[in-house]
Amino acid sequence: MNAHQHPDPVGHPSADDRRSFVIVGGGQTGAVAAIALRDEGFAGRIILVGEEPHLPYERPPLSKDVLIQPERAKVTIHDAGVYADRAIETRLGRRAAAIYRGVGILTLDDGEAIAYDRLLIATGARPRPYPLLDALGAGVFTMRTLGDAEALRAAIGPGKRLLVVGGGVIGLEVEASATVLGASVTVIERGDRLMARAAPQPLADVLMALHRARGVTFAFGAALARAEREAGGGFVLTCEDGRSFEGDVIVYGIGVALNTELAAAAGLAVDNGIVTDEYGRTSDPAIFAAGDVAHQWRPVLGRHVRQETWQNARVQGAAVAAAMVRDVPCADELPWYWTDQYESNFQVAGSPEAADWIRRGDDAAARYTLFGVTDGRIVGAVTVDNGREMRPAKDLIASGRVIADLDALRDPKQDLRKLAAALR
């Protein structure tokens, strides 16, 4: 049997395998990894520990479907039967308390001690707190969990005045959903544009126009100085420059705080996340990390990379599970994410920091692709309601080749797949 043949492709447990692999984190990464361990042929015991009481679920629908059409929203990744069929034990609504590396023991908040042979930490992140706003109490929301989405859904609706603090992906998605529900929305952003960390300027401009056309108001360079509750229950937020904004509900998204406390307390290396090698191994070879919380070494790039995307959670969760079973390195994955706002879909791949951006198609086209070019190489791509071109766009980025005829990219009649194939 070679390294790529699995002893049991169906992934049934075996009484002969007395090892225990434990996953801490009941989100997308943990759920994907648990199933992947079985698919990779691991026949020992698998225990999935999740702090939330729900079965693992996807987060992208929280700021969209769960707010707009909760009766139709589907968030659960696998039903309970999937875990049962694969003999994956779950400990939901339970918090991992401590890792005792010397003896290979994980303890939970209720005192249960679980022995592990290999441990995967997929604890993700939580919203970065904003003490100025948190001190206001009820009516102030973040968006990270199913409970957050359900609580916000009950608070917004026609006629409500929503103040969104932070012009990132989550803030814009929540703002779009609230607008659809009939709320009036003001976005308050400390920086000088939208999505400064994750999107190129051309996409930020498109998003600005899209939201303004729906009646959304934006305030940039708006550093908050005071936050007060009015006698009638509403809020007043005042900026350092004197601008003030009134609202009934506040949602803020100003980044995340990584859930590294468990790893740090166990003495694992932590630097912008839990530091891992290309296999997903931490500074302890029996402990792995994946998902938002993992700062993974990328040999091709020659540096560590940490990503906070649905795609990374899915791909890295499966890849690190394979490494735990078969000791194979994780493949390099091109950064990619999407966001749905109103009826439009936007996808971003590669680097948002290209020197120049080329538009494929004329300026009047509703569906188009933008290519980011640096030194003649395509390093990034954005599709606007044009997701069919994202796969060949990724291939063009991955090729790393200098594009001799950039005008070919501008012509929508040119077949991107053929252009990408020619560069392989």
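None of these values were measured; they are calculated from a predicted model.
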> Would you say the side-chain atoms of E278 pair up with the backbone N or O of R298, donor to acceptor, closer than 3.5 Å?
Replying inline: no
> So do the side chains of L334 and I397 get within less than 4.5 Å of each other, counting heavy atoms only?
Replying inline: yes
> Is the backbone N or O of A398 less than 3.5 Å from a side-chain atom of D395, with the two atoms forming a donor-acceptor pair by type?
Replying inline: no
> Would you find a donor on one side and an acceptor on the other, under 3.5 Å apart, between the side chain of R306 and the backbone of A294?
Replying inline: no
>> For F220, is the CZ atom crowded, meaning more than 12 foreign heavy atoms sit under 6.0 Å from it?
In response: yes
> Should Y57 and E52 be marked as a side chain to side chain donor-acceptor pair (under 3.5 Å) after you check the CA-CA gap, both sets of side-chain angles, and the distance that decides it?
Replying inline: CA-CA 10 Å; Y57 58 86; E52 292 188 63; 2.7 Å; yes
> So how far is it from R326 CZ to E40 CD, rounded to the nearest 0.5 Å?
Replying inline: 4.0 Å
> Can you find a heavy atom in the side chain of L210 that is under 4.5 Å from one in the side chain of F346?
Replying inline: yes
>> If I take atom CD1 from residue I23 and atom CD from residue E89, how far apart are they, to the nearest 0.5 angstrom?
In response: 11.5 Å
>> Salt bridge check, R144 against D148: does any charged N sit closer than 4.0 Å to a carboxylate O?
In response: no
> Run the side chain to side chain contact (heavy atoms under 4.5 Å, CB included) check on K64 and E173 step by step: do they pass?
Replying inline: CA-CA 7 Å; K64 299 179 280 288; E173 289 183 351; 3.1 Å; yes
> Quick check: does any side chain N or O of R101 sit under 3.5 Å from a backbone N or O of D284, one acting as donor and the other as acceptor?
Replying inline: no
> So, for G280 and V320, which heavy atoms are closest and what is the spacing to 0.1 Å?
Replying inline: CA-CG2, 4.1 Å
>> Strictly below 4.0 Å, N to O, side chains only: are D385 and R367 in salt-bridge contact?
In response: no
> Looking only at heavy atoms, which two atoms of V293 and I121 are closest? And how far apart?
Replying inline: CG1-O, 4.0 Å
>> I want to check something: taking the side chain as every heavy atom from C-beta on, are L162 and D248 in contact at a cut-off of under 4.5 Å?
In response: no
> Is the shortest heavy-atom distance from the side chain of V382 to the side chain of W357 under 4.5 Å?
Replying inline: yes
> Heavy atoms, side chains only, cut-off 4.5 Å: are V348 and L203 in contact?
Replying inline: yes
> So do the side chains of L152 and V251 get within less than 4.5 Å of each other, counting heavy atoms only?
Replying inline: yes
> When rounded to the nearest 0.5 angstrom, what is the spacing between CD1 in I46 and CG in L120?
Replying inline: 11.0 Å
> To the nearest 0.5 Å, how far apart are CG in L224 and SG in C239?
Replying inline: 5.0 Å
> Would you say T90's side chain and L92's backbone share a donor-acceptor pair under 3.5 angstrom?
Replying inline: no
>> Looking at every heavy atom in both Q296 and Y279, which two are closest together, and how far apart are they?
In response: NE2-C, 4.4 Å
> Okay, side chain of T276, backbone of A289: is any donor-acceptor separation there less than 3.5 Å?
Replying inline: no
>> More than 12 heavy atoms of other residues, nucleotides or ligands under 6.0 Å from CG of D375: yes or no?
In response: no
>> Out of the candidates R94, R91, R95, only one should pair with D110 under the side chain to side chain donor-acceptor pair (under 3.5 Å) rule; please name it.
In response: R94
>> Using a 6.0 Å cut-off, check whether atom CZ of R126 has over 12 heavy atoms from anything other than its own residue.
In response: yes
> Between R214 and E175, does at least one N-O distance fall below 4.0 Å, as a salt bridge requires?
Replying inline: no
>> When you compare the side chains of E389 and T383, does any donor N or O come within less than 3.5 Å of an acceptor on the partner?
In response: no
> Within 45° of the ring axis of Y368 and under 6.0 Å from its six-membered ring centre, is that where the NZ or CZ of R359 lies?
Replying inline: yes
> Relative to each other, are the rings of H295 and H304 parallel, tilted or perpendicular (30° and 60° limits)?
Replying inline: tilted
>> To the closest 0.5 Å, what do you measure between OG (S63) and CD1 (I170)?
In response: 4.5 Å
> Run the salt bridge (charged side-chain N to carboxylate O under 4.0 Å, His left out) check on R197 and E308 step by step: do they pass?
Replying inline: CA-CA 12 Å; R197 195 165 61 94; E308 300 167 19; 3.8 Å; yes
> Side chains of F218 and L194: closer than 4.5 Å at any heavy-atom pair?
Replying inline: yes
>> Run Q341 and T339 through side chain to side chain donor-acceptor pair (under 3.5 Å) and show every step you take.
In response: CA-CA 6 Å; Q341 298 178 29; T339 175; 3.0 Å; yes
> Closest approach of R314 and V32, non-hydrogen atoms and distance?
Replying inline: O-CG1, 3.3 Å
> Is the backbone of F141 close enough, under 3.5 Å, to the side chain of Y252 for a donor and an acceptor to pair up by distance?
Replying inline: no
> For A354 and T374, which heavy atoms make the closest approach, and how far apart are they?
Replying inline: CA-OG1, 3.5 Å
> What's the verdict on side chain to side chain contact (heavy atoms under 4.5 Å, CB included) for H78 and I35, showing C-alpha distance, side-chain angles and the deciding distance?
Replying inline: CA-CA 10 Å; H78 303 296; I35 300 300; 3.6 Å; yes
>> Set out, in order, the CA-CA distance, both residues' side-chain angles and the distance that settles side chain to side chain donor-acceptor pair (under 3.5 Å) for Q201 and D205, then state yes or no.
In response: CA-CA 6 Å; Q201 185 68 56; D205 294 341; 2.8 Å; yes
> Can you tell me if CZ on R161 sees more than 12 non-hydrogen neighbours from other groups inside 6.0 Å?
Replying inline: yes
> Given T238 and R243, is the side chain to side chain contact (heavy atoms under 4.5 Å, CB included) satisfied, shown in steps?
Replying inline: CA-CA 6 Å; T238 305; R243 285 177 290 173; over 6 Å; no
> Can you list the steps and then say if V373 with I403 is a side chain to side chain contact (heavy atoms under 4.5 Å, CB included)?
Replying inline: CA-CA 9 Å; V373 180; I403 309 298; over 6 Å; no
> About how many Å separate CG of L172 and CG of D340, when rounded to the nearest 0.5 Å?
Replying inline: 13.0 Å
> Looking only at atom types and distance, does a side-chain atom of R360 sit under 3.5 Å from a main-chain N or O of F371, one as donor and one as acceptor?
Replying inline: no
> Judged by atom type as modelled, is there a donor-acceptor pair below 3.5 Å linking the side chain of S283 to the main-chain atoms of A269?
Replying inline: yes
>> Any salt bridge linking R118 with D327? Criterion: basic side-chain nitrogen under 4.0 Å from a carboxylate oxygen.
In response: yes
> Do L67 and D65 have side chains that get closer than 4.5 Å, going by heavy atoms?
Replying inline: no
>> Can you confirm whether more than 12 heavy atoms, excluding those of R128, are under 6.0 Å from its CZ atom?
In response: no
> Would F21 and F42 count as a close aromatic pair, with their ring centres under 6.0 Å?
Replying inline: yes
> Which pair of non-hydrogen atoms, one from Q307 and one from W336, has the smallest distance, and what is that distance?
Replying inline: OE1-N, 4.4 Å
> If only atom types and distance count, is the side chain of E230 paired as donor or acceptor with the main-chain N or O of G232 below 3.5 Å?
Replying inline: no
>> side chain to side chain donor-acceptor pair (under 3.5 Å), that's the test. Do S20 and D117 meet it? Break it down for me.
In response: CA-CA 5 Å; S20 292; D117 292 279; 4.6 Å; no
